[in-house]
Engineer: 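First, the structure itself, so that you have it in front of you.
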Number of protein chains: 2
Amino acid sequence: MCNAPWLTGPQLRAWMRFVAVVELLPGVLDTQLQRDAQLSHFEYFVMAMLSEAPDKTLRMTDLADHTNATLPRLSHVVARLEKRGLVARTRCAEDRRATNATLTESGWEMIQASAPGHVRNVRDNVIDLLTDEQVGQLEAISEALLQKLDPANRMHVRGE
Amino acid sequence: MCNAPWLTGPQLRAWMRFVAVVELLPGVLDTQLQRDAQLSHFEYFVMAMLSEAPDKTLRMTDLADHTNATLPRLSHVVARLEKRGLVARTRCAEDRRATNATLTESGWEMIQASAPGHVRNVRDNVIDLLTDEQVGQLEAISEALLQKLDPANRMHVRGE
DNA sequence: AAGCTTTGGTTGTTGCTTCAACTAAAGCTA
DNA sequence: TAGCTTTAGTTGAAGCAACAACCAAAGCTT
């Protein structure tokens, strides 16, 4: 297709398959959550991050980091979740520029209720399709990619 | 490979990292192509599929399969590309319901010109971060996932 | 303390994706 | 050949994301 530095055969095969997976997977995650909880995967992820935070509360900036969202995107999403009563926003006392987002009781129940189905979906479409060895390989590969894609470790994915 | 409701430690670590990669990678691909060619990754992919087809022409339905797009999505995208003179649409003679999309000379030049930068980007952010062994593992893992994500092999990713 | 800069967040506009009609050509059935 | 169904594709409306402009509180600098 060109005279430039292209990929070798094995590299090209790996890339074509991998990029197909990256294209297809978000749809699979979104579809199940939309059907079962009327939540996009991103909304679910936002609420999941809040559910693991102390007091189920995070400042918008921190939450944006955890979810790899821009602040405008997060602001809109949290506004929608707030309208549905799943999250509450409160002005931060120490720094009155800041806003805290808190998972409400209702939001907590929503996450609790939808987690099993989501995990089932992740198993069915990813984890259970791989051997234990491949799961380990996938972790190492993802770890290597994240050092470039997310050098500051914004998504806080190291160490649970 | 058990059937438990939650994920085991290693599975959870692998999933968290992998989902972060899936979230971050599209942005990296889009940003470079947008900057260098005013093309989204999807638009690039559409044109790349056309460039490899006989006569650089594909029916809309086939093109939709190759790119995992819905027909409406593809129709809109091709309309935009046509407006920019990169793709041309013509009625199919044998089946007058059908539309053929053809990569124009200008579109061909655009792909030729942007391919090296795109490949460079893929190398920098994915391939060159992995060992040859990991590239092989990634292919096998992606292949396993695609059998579930794309059972009909719509994205025609087999066999180079 | 006045004035500039930085930080934290929200709002509005534009563009793309999805979903739901809708048109038109084929194909089938009687 | 009339009438129904399926297939191919387009179009329009609605919703979410990216970007830019904006406001307000903090923090510096003098």
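Numbered from 1 within each chain, the chains take letters A, B, ... in sequence-line order. This is a predicted model, so every value here is computed, not measured.
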Engineer: How many angstroms lie between CZ in Arg89(B) and OG1 in Thr102(B), if you round to the nearest 0.5 Å?
Structural biologist: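 That separation rounds to 11.5 Å.
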Engineer: Within this structure, what is the CZ-to-C1' distance between Arg89(B) and dA24(C), rounded to whole angstrom?
Structural biologist: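 Arg89(B) atom CZ is separated from dA24(C) atom C1' by 15 Å.
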Engineer: For Thr70(A) and for Ala93(A), find the nucleotide of DNA chain D with the closest heavy atom, then tell me which residue's nucleotide is more 5'.
Structural biologist: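 So the residue in question is Thr70(A).
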Engineer: To the nearest Å, give me how far apart CG (Leu63(A)) and C1' (dG8(C)) are.
Structural biologist: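 Atom CG in Leu63(A) sits about 14 Å away from atom C1' in dG8(C).
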Engineer: Nearest 0.5 Å please: distance from the CD atom of Gln32(B) over to the CG atom of Asn121(B).
Structural biologist: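 Gln32(B) atom CD to Asn121(B) atom CG measures 4.5 Å (nearest 0.5 Å).
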Engineer: Please state how far atom CZ in Arg84(B) lies from atom P in dG15(C), giving the value in whole angstrom units.
Structural biologist: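 Between P of dG15(C) and CZ of Arg84(B): 13 Å.
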Engineer: For Leu74(A) versus Ala69(A), what's the shortest heavy-atom pair and its separation?
Structural biologist: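 Smallest interatomic distance, heavy atoms only, reads CB-CB, 4.3 Å.
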Engineer: Please answer whether the main-chain N or O of Leu138(A) pairs with a side-chain N or O of Ser142(A) as donor and acceptor at a distance below 3.5 Å.
Structural biologist: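 Between the backbone of Leu138(A) and the side chain of Ser142(A) there is a qualifying donor-acceptor contact (under 3.5 Å).
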Engineer: For Asp62(A), which residues count as a salt bridge (Lys or Arg N to Asp or Glu O under 4.0 Å) partner, sequence neighbours excluded?
Structural biologist: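 With sequence neighbours excluded, Asp62(A) shows a salt bridge (Lys or Arg N to Asp or Glu O under 4.0 Å) to no residue whatsoever.
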Engineer: Distance under 6.0 Å and angle within 45° of the ring axis: does Arg13(A) meet both against Phe18(A)?
Structural biologist: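 No, Arg13(A) does not lie over the aromatic ring of Phe18(A).
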Engineer: Tell me, which of residues 27-43 of chain B have any heavy atom that sits under 4.0 Å from an atom in DNA chain D?
Structural biologist: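 Within this stretch, nothing sits under 4.0 Å of the strand.
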Engineer: Rounded to whole Å, please give me the gap between CZ in Arg96(B) and C1' in dT10(D).
Structural biologist: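 Roughly 18 Å, once rounded to whole Å.
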Engineer: Hey, mind stepping through Gln34(B) and Thr31(B) against side-chain hydrogen bond (donor to acceptor under 3.5 Å, both in side chains) and telling me if it holds?
Structural biologist: CA-CA 5 Å; Gln34(B) 198 68 53; Thr31(B) 301; over 6 Å; no
Engineer: Rounded to the nearest angstrom, tell me the gap between atom CG in Asp95(A) and atom C1' in dA24(D).
Structural biologist: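 Distance, rounded to whole Å: 11 Å.
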Engineer: Can you tell me how far OG of Ser114(A) sits from CE of Met47(A), rounded to the nearest 0.5 angstrom?
Structural biologist: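 The distance works out to 7.0 Å.
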Engineer: Looking at residues 71-82 of chain A, who's got a heavy atom less than 4.0 Å off DNA chain C?
Structural biologist: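 Those residues are Leu71(A), Pro72(A), Ser75(A), His76(A).
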Engineer: Counting heavy atoms from C-beta on, name the nucleotide in dA26(C), dT7(C), dT10(D) closest to the side chain of Arg97(A).
Structural biologist: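 Comparing dA26(C), dT7(C), dT10(D) against the side chain of Arg97(A), the answer is dT7(C).
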Engineer: Measure the distance from CD on Glu23(A) to C1' on dT17(C) and round it to the nearest whole Å.
Structural biologist: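 In whole Å, dT17(C) C1' and Glu23(A) CD are 12 Å from each other.
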Engineer: Over how many whole Å does the gap from Met60(B) atom CE to dA24(C) atom P extend?
Structural biologist: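 In whole Å, dA24(C) P lies 18 Å from Met60(B) CE.
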Engineer: Tell me the interatomic distance from Asp62(A), atom CG, to dG8(C), atom C1', rounded to whole angstroms.
Structural biologist: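 Checked: the CG to C1' distance equals 11 Å.
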Engineer: Is a salt bridge present between Asp36(B) and Arg120(B), judged by a nitrogen-to-oxygen distance below 4.0 Å?
Structural biologist: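 No.
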Engineer: By nearest atom, which of the nucleotides dA8(D), dA26(C), dA18(D) is closest to the Arg59(B) side chain?
Structural biologist: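 The nucleotide sitting nearest to the side chain is dA8(D).
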